[in-house]
Amino acid sequence: MAIRYQERADGITSDQLFGYFQGWPNPPSPEAHLRIMQGSDYVVAALDRGTNDRVIGFVTAISDGVSCAYIPHLGVVPEWQGQGVGRELMQRMLARLSHLYMIDLMADEDVHPFYEKLGFCRGGAMIIRNYARQACD
Ligand SMILES: CC(C)(COP(=O)(O)OP(=O)(O)OC[C@H]1O[C@@H](n2cnc3c(N)ncnc32)[C@H](O)[C@@H]1OP(=O)(O)O)[C@@H](O)C(=O)NCCC(=O)NCCS
């Protein structure tokens, strides 16, 4: 199998991170992307052995370690979408979070069917977005 999954950010460098955050007006740089992964409580990354361990997908979670976790980022690079990578990343993350009561995330309406297949249900949410900070510089 060309893909290997690892459950930590150790050993990943910013040059393995490209092709993400497409359509974001002010996307995080690869360096900021790496900091996001390193600063998360849980990470699962999918690496493609065929392209020098490019990170072709990742998911992060932050948690209090007691009752809840929030999943702020899930992404699969366009060339690898639709091949089961997103599902595998989420299944691995959900297994790691299975001791917790609340597992929440935000997603655009068109992606809800993807999450419903993984057991999520729709719920209300209130959000603030500080777009001046979107790039995380
Ligand atoms: C959404 C995303 C993570 C899905 O990952 P993926 O690797 O392409 O999805 P998978 O191949 O694992 O798909 C698993 C299942 O979900 C379905 N699915 C995937 N994306 C879907 C979508 N946008 N809408 C509806 N169903 C979707 C697949 O058809 C598949 O169904 P099946 O089990 O019946 O075959 C990925 O497309 C992505 O990164 N998109 C851009 C960024 C994004 O939207 N991130 C989510 C932020 S909330």
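What you see is a predicted model, and the numbers here were worked out from it, not measured in a lab. All ligand and atom numbering here is 1-based and tracks the order in the structure.
In summary, Glu88 and Arg92 engage in a salt bridge, as defined by a charged side-chain N under 4.0 Å from a carboxylate O. Classification of Asp48 and Arg4 as a salt-bridged pair fails, no side-chain N sitting under 4.0 Å from a carboxylate O.
Contact shell of ligand 1 (protein heavy atoms, cutoff 4.0 Å): Leu74, Gly75, Val76, Gln81, Gly82, Gln83, Gly84, Val85, Gly86, Arg87, Met106, Ala107, Asp110, Val111, Pro113, Phe114, Tyr115, Lys117.
Proximity of the aromatic rings of Tyr20 and His73 is defined here by a centroid distance below 6.0 angstrom, and this criterion is not met. Taking the six-membered ring for Trp and the full ring otherwise, the centers of Phe21 and His33 sit less than 6.0 Å from each other.
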- Apply the test side-chain contact (heavy atoms from CB on, under 4.5 Å) to residues Tyr70 and Thr60: give CA-CA distance (whole Å), side-chain angles for both, the deciding distance (0.1 Å), then the verdict. CA-CA 9 Å; Tyr70 177 65; Thr60 60; over 6 Å; no

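At most 12 non-hydrogen atoms from other residues, nucleotides or ligands lie less than 6.0 angstrom from CD1 of Ile128.
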